[in-house]
Number of protein chains: 2
Amino acid sequence: MRRDIFQAIADPTRRAIIALIAIHAMTPNAIAEQFDISRQAVSKHLRILTECELVNQEYQGREIYYQLEIKKMKQIDKWLEQFRKNWEDRFDALDNLLTTMKGK
Amino acid sequence: MRRDIFQAIADPTRRAIIALIAIHAMTPNAIAEQFDISRQAVSKHLRILTECELVNQEYQGREIYYQLEIKKMKQIDKWLEQFRKNWEDRFDALDNLLTTMKGK
DNA sequence: AAAACGTGCAACCGATTGGTTGCAAATATA
DNA sequence: TATATTTGCAACCAATCGGTTGCACGTTTT
């Protein structure tokens, strides 16, 4: 099983789930209500997210609250790093600013 | 066919190709030499990358030079934006710095 | 104690993926 | 002109994906 973070975010439903639980922890049932797929399908997505350590599970009685392990997202950012120097955007702008400040 | 940028970077071979042609344009043959898969398999990857406009094609005689359309990578960065405020790293540090500067 | 609820897992299914081989077309070279 | 090179495309294949339904198990509620 490949199951790395890039494969995890490849599916649009999974990205939507990620965005949902980034705000606050949610149970599988609550998540499933937001989509047109079965609770079990959501469960499978959560399993994949769990396998690449993108989510926390917090057991609370018979409910399980899933929350995004937001630090894991940095991994994507890290990969992007190698290309970032080649596009001009707010980060470049900030980099330039810092460089300028250092120079002074 | 889904074929968005997230699906494009889901495959590790494709990520390697992206990293390769980010440096300088390459022909399919030259790219294929770097991997243990057939030239046709590389060609299929390039087709996918082309379909989501991640690469440029420059025809030169019978050769075709493929280069990364680096600006398209910003799309990933843009998606990451919504999570970035929640992790502490150099970008947060820069954000805080900017906020501080604005405040003064 | 019985019933209802929240969850994960297994089995199944059609579509997609990433690879292969073979071939045709265009360009370059002998 | 004949031959070699570079490429894309089609057909095929096994494996994986994203969904489904059914079920078992633990926790709550009645």
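Just so it is clear, the values below take in all heavy atoms, side chains as well, and ignore hydrogens, waters and symmetry mates. In the text below, chain A, chain B and the rest are named by the order of the sequence lines, each starting its count at 1.
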Side-chain (Arg3(A)) to main-chain (Ala8(A)) donor-acceptor, under 3.5 angstrom: no
Per Pro28(A) side chain, nearest of listed nucleotides dG19(C), dG8(D), dT7(C): dT7(C)
Single-linkage hydrophobic cluster Met73(B)~Leu80(B), side-chain heavy atoms < 4.5 angstrom: yes
Atom pair distance, as rounded to whole Å: CD1 in Ile48(B) and C1' in dG19(C): 11 Å
Interatomic distance, Gln57(A) CD vs dG8(C) C1' [rounded to whole Å]: 10 Å
Candidates Thr27(B), Ile17(B), Leu49(B), Thr50(B) - the one meeting side chain to side chain contact (heavy atoms under 4.5 Å, CB included) with Tyr66(B): Thr50(B)
Sugar-phosphate, base or nothing in reach of Arg39(A), heavy atoms under 4.0 Å: base
Side-chain N or O of Gln60(A) closer than 4.0 Å to phosphate OP1/OP2 of dT27(D): no
Under 4.0 angstrom between Asn29(A) side-chain N/O and dT7(C) OP1 or OP2: yes
Under-3.5 Å donor-acceptor pair between Lys44(B) side chain and dG19(C) base: yes
Spacing between Tyr59(A) atom OH and dC5(C) atom P, to the nearest angstrom: 22 Å
Nearest-nucleotide 5' precedence on DNA chain D, His45(A) against Thr27(B): Thr27(B)
Phosphate contact (dG8(C) OP1 or OP2) by Ser43(A) side-chain N/O below 4.0 Å: yes
Donor/acceptor link under 3.5 angstrom from Gln40(B) side chain onto base of dG22(C): yes
Lys/Arg N to Asp/Glu carboxylate O, Asp77(B) vs Lys71(B), below 4.0 Å: no
Rounded distance (Å) that lies between atom P of dC9(D) and atom CD of Glu51(B): 9 Å
Between dG18(D) (P) and Asp11(A) (CG): distance, integer Å: 5 Å
Separation of atom CG in Asp4(B) from atom P in dT17(C), rounded to whole Å: 11 Å
Integer-rounded Å distance: dC5(C) C1' and Glu63(A) CD: 9 Å
Minimum-distance nucleotide to Ala41(B) side chain [options: dA28(C), dT20(C), dC17(D)]: dT20(C)
Phosphate OP1/OP2 of dT20(D) contacted by Ser38(A) side-chain N/O (<4.0 Å): yes
Touch class at under 4.0 angstrom, heavy-atom based, for Phe35(A) against every strand present: nothing
Whole-Å gap separating P (dC17(D)) and CG (Leu49(A)): 13 Å
Thr13(A) vs dG19(D): side-chain N/O to OP1/OP2 distance below 4.0 Å: yes
Minimum-distance pair of heavy atoms, taken over all atoms of Asn56(A) and Leu68(A): ND2-O, 4.4 Å
Salt-bridge present (Arg84(A), Glu81(A); N to O < 4.0 Å): yes
Nearest-nucleotide pick for Arg47(A), side chain only, options being dT7(D), dG19(C), dC9(C): dC9(C)
Sugar-phosphate, base or nothing in reach of Tyr66(B), heavy atoms under 4.0 Å: sugar-phosphate
Under 4.0 angstrom between Arg14(B) side-chain N/O and dG18(C) OP1 or OP2: yes
Side-chain-base donor-acceptor pair under 3.5 Å for Arg62(B) and dT27(C): yes
